[in-house]
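Below, chain A is the first sequence line, B the second, and so on; all start at residue 1. Quantities reported herein were computed from a predicted structural model and do not represent experimental measurements.
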There are 4 protein chains.
Amino acid sequence: MAQPDTVTRILDTAEVLFAERGFAETSLRNITSKAKVNLAAVNYHFGSKKSLIQAVFARYLEPFSERFHRALDELEARHARDGSEIPLEELLETMARTVLEVPAERDSLKVFMRLLGLAYSQAQGHLRGYIQSEYGDVFSRFTELVRRATPELPDAERFWRLHFILGSVIFTLSGLDALRDIAEHDYGERVSVHELIGRLRPVVVSAMQAPMPGA
Amino acid sequence: MAQPDTVTRILDTAEVLFAERGFAETSLRNITSKAKVNLAAVNYHFGSKKSLIQAVFARYLEPFSERFHRALDELEARHARDGSEIPLEELLETMARTVLEVPAERDSLKVFMRLLGLAYSQAQGHLRGYIQSEYGDVFSRFTELVRRATPELPDAERFWRLHFILGSVIFTLSGLDALRDIAEHDYGERVSVHELIGRLRPVVVSAMQAPMPGA
Amino acid sequence: MAQPDTVTRILDTAEVLFAERGFAETSLRNITSKAKVNLAAVNYHFGSKKSLIQAVFARYLEPFSERFHRALDELEARHARDGSEIPLEELLETMARTVLEVPAERDSLKVFMRLLGLAYSQAQGHLRGYIQSEYGDVFSRFTELVRRATPELPDAERFWRLHFILGSVIFTLSGLDALRDIAEHDYGERVSVHELIGRLRPVVVSAMQAPMPGA
Amino acid sequence: MAQPDTVTRILDTAEVLFAERGFAETSLRNITSKAKVNLAAVNYHFGSKKSLIQAVFARYLEPFSERFHRALDELEARHARDGSEIPLEELLETMARTVLEVPAERDSLKVFMRLLGLAYSQAQGHLRGYIQSEYGDVFSRFTELVRRATPELPDAERFWRLHFILGSVIFTLSGLDALRDIAEHDYGERVSVHELIGRLRPVVVSAMQAPMPGA
DNA sequence: CATGAATGAGTGTTCATTCAT
DNA sequence: GATGAATGAACACTCATTCAT
């Protein structure tokens, strides 16, 4: 039917409002009135606001997780054949591609990155726990492959560098709209998400290959 | 006096609670009851919750801004004498030193970084506006010096790279406790803020010096 | 069949939950989820929560009423033969026996007494009206026989004494579990319902035979 | 002033409504709208509905407890002088007198008894716990004196008989209005609370002096 | 200068009930 | 004959803010 069902309408609206204002600042009434849905429908379908928040994430992470696993399967199979190690660039490239692919089916990477930024910064302890427990293994698999691709880095150093990079990505992609406005105003260039990821690429690679501190 | 005055007690408590839970999730009741201060005192002394949030930031940014200006004065004077340009490393070093210096007078850098992270991610539009209008010039002065130190970079590229770096710094420093716990658990190393900044240094420099995208 | 049908499952569960928590404190969701029955089933089968409450009572009072009528028939027939009046003790004994007999078919007297206590104390005006209109005649018949067995008592006095007794019975039997726990803890005796009724017997008889007030 | 303060208005209204409908069936909105008081005032002054319920009880039990202790002091002092034991009748009489005295200052015993009945029958576990912890010692003192006044009764038997009596008292006094209406309609007598207690007196004494079961 | 009391608007959640299928 | 979905009303409670004192 033309009118998507209640659950989808709630998720679509919640996703946008959460991204715009944050979780605590978005009330269920905000969501349901904008989604033209009965207030009680949220609790009926999701049980609680907390679960709604998790459901919003699950809708992104579920297909991401599945595709990323598949993409890593392929990558590993290809290199298993010729016995070579998967290079770092290829791993990062695969992740970037998968990230870009998934939300393309719906509206935008920006919303998800904003949500991811919120998940880290807001007092939503349950969210980090939920994401870790549900999707932790994909990330573990990825970091393990990164480890093999960067054998020269001590484990702790790699851990921190991955988080430096994660910070760059989440921070710039989640604040994309505001930053893009400034950039456009000051430098007259309007960047797309793809271009921004293009800009991130060499920076990320350099960051991972930086000399050891104190060297 | 032994018992700090009401205003200070409110600021001290608000700062900690905001950092722990976020702005929306921290009620004035939380703050005033923990600070053992009358509920009405916040509105009496600060006017509103919004103003309290700004006051919390002002207490960090005021001395930072003043010291950073002074540090840049010195730096410029020194290089003016021998006619040389200020190198990027020295600029970054000066900022890091100043950032570390200021909150040392109170408790911790971590709290401020957490607040800064919140300021960017949470729906506190007023905060970004406030920080920009009150302390924008110090940051403009800094970015102008960075521009002179990296003449080979196009302006837009420099803009984005500075934000990539800002993301790394805010993300890792604001989530410091959680990340430190993971790192300690997984790699048995407990890093101090100084060590973490030490780890950031080469990564940040490499990031700024990365090859141009598409090159 | 092994799995009792929906109506019975609802009644069984409702009875227990009502007794445990009271009527208002037990939601239809509590009942239907515990009974593993669709939420709408209650309204489908019973029409409303109010009717469900009445149905729970009917399931006890229907067989009780029928048996008690039969028991009183026998009692009257026996004494009609020898022309004697039915003594009070025999009436009370008959009631006690019937009360004990009926719920024995299901689980417990305690539940029913608890429900009866709730019916009197809770704001379920409809319940008292319902019980009176459906089962009032059995009780009228019984009180009339009590009247003949205690001709020396003024009607009003008898009325009040019967209610004093009713209070004792309902109060102790409906709070049986809690009181039994205390008694067991303090005096090391675990009483059964039969024993408790044994303890009630002489007290009830003495109460009915107490001297008139002001005498 | 003519208009009693907010706290008192809430307590007065809550007491009446609780007695009329029960605790769960009375909403804070019912109370505050009838008391012409802001809805938030209940939580401001009492913290929660639960605490309001306890406060309603405390307003009765506090003065009762104090007076009853004083009355027992006198009674013990009087009998200590002539070395005699306090007879049961005098103990019961003292309790009855104190119970009647206290609420006389406000409106009615009936309301309190109704509340007491609710406390026992409704799912207000916190209430029994609260009453026990706050006023348990006064009741312990009383039952200890009853023990000395009835040395011939086994402890367990005394325990149960006291509860039989408690049931009679609470049941009849808490349902007073309804029962009084029936009695008036059927027997043309309108009893006062004092008369009802007069009727209870000989019944209660007989109940305590009934022969042992099985004797 | 400071505060206890109060308030109107809002929160997430639960309720019994209805209804299309 | 039965049920998943939905709903309007109500719930207890919390919020930032105001104001008389």
B:Ser48 near the nucleic acid: base, sugar-phosphate alone, or nothing, with a heavy-atom cut-off under 4.0 Å? sugar-phosphate
Counting the atoms with a prime plus P, OP1 and OP2 as sugar-phosphate, which does D:Thr26 contact under 4.0 Å by heavy atoms, base, sugar-phosphate, or nothing? sugar-phosphate
Side chain to side chain contact (heavy atoms under 4.5 Å, CB included) with [X]: which residues, sequence neighbours excluded?
X       : result
B:Thr32 : B:Val37, B:Leu39, B:Val42
B:Ser27 : B:Arg29, B:Asn30
B:Thr8  : B:Pro4, B:Asp5, B:Asp12, B:Arg59
A:Thr13 : A:Leu17, A:Ile31, A:Lys34, A:Ala35

For the pair B:Arg114 (side chain) and B:Ala19 (backbone), establish whether a donor and an acceptor sit closer than 3.5 Å, ignoring hydrogens and angles. yes
Spacing between [X] atom [atom1] and [N] atom [atom2], to the nearest angstrom:
X       : N      : atom1 : atom2 : result
D:Phe46 : F:dT14 : CZ    : C1'   : 18 Å
B:Leu28 : F:dA16 : CG    : C1'   : 6 Å
A:Arg9  : F:dT7  : CZ    : C1'   : 14 Å

Residue-level proximity of residues 31-45 of chain C to DNA chain E when a heavy atom falls under 4.0 Å: C:Leu39, C:Ala40, C:Asn43
Can you say whether a donor on the side chain of D:Arg29 sits under 3.5 Å from an acceptor on the base of F:dA12, or the other way round? yes
Just how far is it from atom NZ of C:Lys50 to atom CZ of C:Phe23, taken to the nearest 0.5 Å? 13.0 Å
Identify, with sequence neighbours excluded, every residue that meets salt bridge (Lys or Arg N to Asp or Glu O under 4.0 Å) alongside A:Glu134. none
Go through the structure and list residues passing side chain to side chain donor-acceptor pair (under 3.5 Å) with [X], not counting sequence neighbours.
X        : result
D:Gln132 : none
D:Tyr135 : D:Glu62
A:Ser48  : A:Ser51

Do D:Leu127 and D:Leu118 touch side chain to side chain, with heavy atoms closer than 4.5 Å? no
On DNA chain E, reading 5' to 3', which nucleotide is the first and which the last to sit with an atom under 4.0 Å from a heavy atom of chain A, could you check? E:dT11 to E:dT14
Comparing B:Lys49 and A:Thr6 on DNA chain F - which has the more 5′ nearest nucleotide: A:Thr6
Paired stretches of DNA chain E - 3 or more consecutive Watson-Crick or G-U pairs, each distance under 3.5 Å: E:2-21 with F:2-21
Taking 4.0 Å as the cut-off, does a side-chain nitrogen or oxygen of D:Ser27 come that near to OP1 or OP2 on F:dA10? no
